[in-house]
Novice: 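This structure is in structure tokens; I'll ask about it shortly.
Quantities reported herein were computed from a predicted structural model and do not represent experimental measurements.
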Amino acid sequence: MKKKIKYSYNVISQYQDGCNVIFGLEFDKIKSYVSKILNTLLSYDEVCSNTCFADLKFDTLSFDIIFVDDNKIQDINREYRQKDRPTDVITFALFADDDFKMIFENEINLGEILISVDTAIKQSKDNNNSFETEILTLICHGVLHLFGFDHLTNEDYNFIVKIQNDVLNAILS
């Protein structure tokens, strides 16, 4: 992307009491990392040329990040994916999945990323990551889905994991 893109995103908590700090990770810090994730992702040619919005005219990308618990994400996983178990992240890629690709007032609404805090806690321990790193990994993964990337094949999965690892290494080092 050669032009400067604005980002509009909300970080929302439906986890426990809806506070803006989850296990010591403040939403303001998450928001600063989200901008870094987006800027870094869009600096990769292989990402830019393959997004669902490549070659379209717009000024702003918008989306929501919503933190939930395992019960909520399991309900969503059951209803929309017919999988009756909790998962770490679910995306609703509204723009990527829309055949009409509507752009309203030069803004693309990419959709929503839902992240289970409970599963992120478990995975951070299993992956020997900090909770912060696990959350950022899930955000980056979710953003890639909103950009139109999927992992139906091993090759696609490896591409997504490589890109998200590269992005996290770049922003956390």
Novice: Look at the side-chain heavy atoms of Ile, Leu, Val, Met, Phe, Trp and Tyr, link any pair under 4.5 Å apart, and say whether Ile135 and Ile121 land in one connected group.
Specialist: yes
Novice: Please name the residue in the list Gln123, Lys122, Lys125 that meets the side chain to side chain donor-acceptor pair (under 3.5 Å) test with Glu134.
Specialist: Gln123
Novice: Is there a path of hydrophobic side-chain contacts, each under 4.5 Å between heavy atoms of I, L, V, M, F, W or Y residues, that connects Leu42 with Leu136?
Specialist: yes
Novice: Can you tell me if Asp88 and Thr119 form a side-chain donor-acceptor pair at under 3.5 Å?
Specialist: no
Novice: At their closest point, which heavy atom of Ile73 faces which heavy atom of Thr87, and how far apart are they?
Specialist: CG2-O, 3.4 Å
Novice: Can Lys72 and Asp75 be counted as an ion pair, charged N to O under 4.0 angstrom?
Specialist: no
Novice: Step by step, work out the side chain to side chain contact (heavy atoms under 4.5 Å, CB included) result for Lys57 and Asn106.
Specialist: CA-CA 7 Å; Lys57 294 183 186 217; Asn106 290 318; 5.8 Å; no
Novice: Calculate, to the nearest 0.5 Å, the distance between atoms NZ and CD1 belonging to Lys31 and Ile139 respectively.
Specialist: 11.5 Å
Novice: Looking at Phe95 versus Phe53, is the centre-to-centre ring distance below 6.0 Å?
Specialist: no
Novice: Among residues at least two apart in sequence or on other chains, which ones pass ring-ring contact (aromatic ring centres under 6.0 Å, His included) with Phe63?
Specialist: Tyr9
Novice: Name every donor-acceptor pair, under 3.5 Å, that has one atom in a side chain of residues 166-173 and the other anywhere in the protein, sequence neighbours excluded.
Specialist:
unit_1	atom_1	unit_2	atom_2	d
Asp166	OD2	Lys162	NZ	2.6
Asn169	ND2	Asn165	O	3.2
Ser173	OG	Asn169	O	2.4

Novice: Which atom pair, heavy atoms only, marks the closest approach of Ala96 to Lys101?
Specialist: O-NZ, 3.0 Å
Novice: Rounded at 0.5 Å granularity, tell me how far OG1 in Thr91 sits from CD1 in Ile113.
Specialist: 7.0 Å
Novice: Tell me the closest heavy-atom pair linking Ala54 and Ser49, and the distance in Å.
Specialist: CB-O, 3.9 Å
Novice: List the steps and the verdict of side chain to side chain contact (heavy atoms under 4.5 Å, CB included) for Glu46 and Ile163.
Specialist: CA-CA 9 Å; Glu46 64 266 23; Ile163 292 294; 3.5 Å; yes
Novice: Taking Ser35's backbone N and O only, do any of them form a donor-acceptor pair with Asn39's side chain (distance below 3.5 Å, no angle check)?
Specialist: yes
Novice: Without swapping roles, check the side chain of Asp150 against the backbone of Leu152 for a donor-acceptor pair under 3.5 Å.
Specialist: no
Novice: Do you know the tightest heavy-atom contact between Thr40 and Ser43?
Specialist: O-OG, 2.6 Å
Novice: Looking at CZ of Arg78 and CG of Asp84, how far apart are the two atoms once the value is rounded to the nearest 0.5 Å?
Specialist: 4.0 Å
Novice: In Å, rounded to the nearest 0.5 Å, how long is the span from CD1 of Ile115 to CD1 of Ile30?
Specialist: 8.0 Å
Novice: Can you find a heavy atom in the side chain of Phe92 that is under 4.5 Å from one in the side chain of Ile76?
Specialist: yes
Novice: Please answer: with hydrophobic residues joined when any side-chain heavy atoms are less than 4.5 Å apart, are Tyr33 and Tyr44 in the same cluster?
Specialist: yes
Novice: Passes side chain to side chain contact (heavy atoms under 4.5 Å, CB included), Gln14 versus Ile66? Steps please.
Specialist: CA-CA 7 Å; Gln14 294 179 357; Ile66 304 167; 3.9 Å; yes
Novice: Taking all non-hydrogen atoms of both residues into account, name the closest pair between Ala93 and Leu146 and its distance.
Specialist: CA-CD2, 3.7 Å
Novice: Quick test of your reading: applying ring pair (Phe, Tyr, Trp, His ring centres under 6.0 Å), list the pairs with at least one residue in residues 96-139, sequence neighbours left out, ordered by first then second residue.
Specialist: Phe23-Phe131
Novice: Measuring from atom OG of Ser116 to atom CG of Asn77, what distance do you get when rounded to the nearest 0.5 angstrom?
Specialist: 10.5 Å
Novice: Can you check whether Asp118's main-chain N or O pairs, donor with acceptor, with Asp70's side chain at less than 3.5 Å?
Specialist: no
Novice: I'd like to know if the side chain of Asn10 and the backbone of Asp64 have a donor-acceptor N/O pair within less than 3.5 Å.
Specialist: no
Novice: Check the hydrophobic clustering (I, L, V, M, F, W, Y; side-chain heavy atoms under 4.5 Å; chains of links allowed) and say if Tyr15 and Val34 are grouped together.
Specialist: yes
Novice: Could you pull out the closest heavy-atom pair between Phe27 and Ser13, with the gap in Å?
Specialist: CZ-CB, 3.5 Å
Novice: Within the supplied structure, the quantity of interest is the number of heavy atoms (other residues, nucleotides, ligands) at a distance under 6.0 Å from Glu155 CD; does it exceed 12?
Specialist: no
Novice: If hydrophobic clusters are built by linking Ile, Leu, Val, Met, Phe, Trp and Tyr wherever their side-chain heavy atoms come under 4.5 Å apart, do Phe149 and Tyr157 end up in the same one?
Specialist: no
Novice: For a side chain to side chain contact (heavy atoms under 4.5 Å, CB included) check, start with the C-alpha distance between Phe147 and Val47, then their side-chain angles and the critical distance, and finish with the verdict.
Specialist: CA-CA 9 Å; Phe147 281 9; Val47 171; 4.0 Å; yes
Novice: Could you check if a side-chain atom of Asp156 sits within less than 4.5 angstrom of a side-chain atom of Ile160, using non-hydrogen atoms only?
Specialist: no
Novice: First locate atom CD1 of Ile108, then atom OG of Ser62, and finally report the distance between them rounded to the nearest 0.5 Å.
Specialist: 9.0 Å
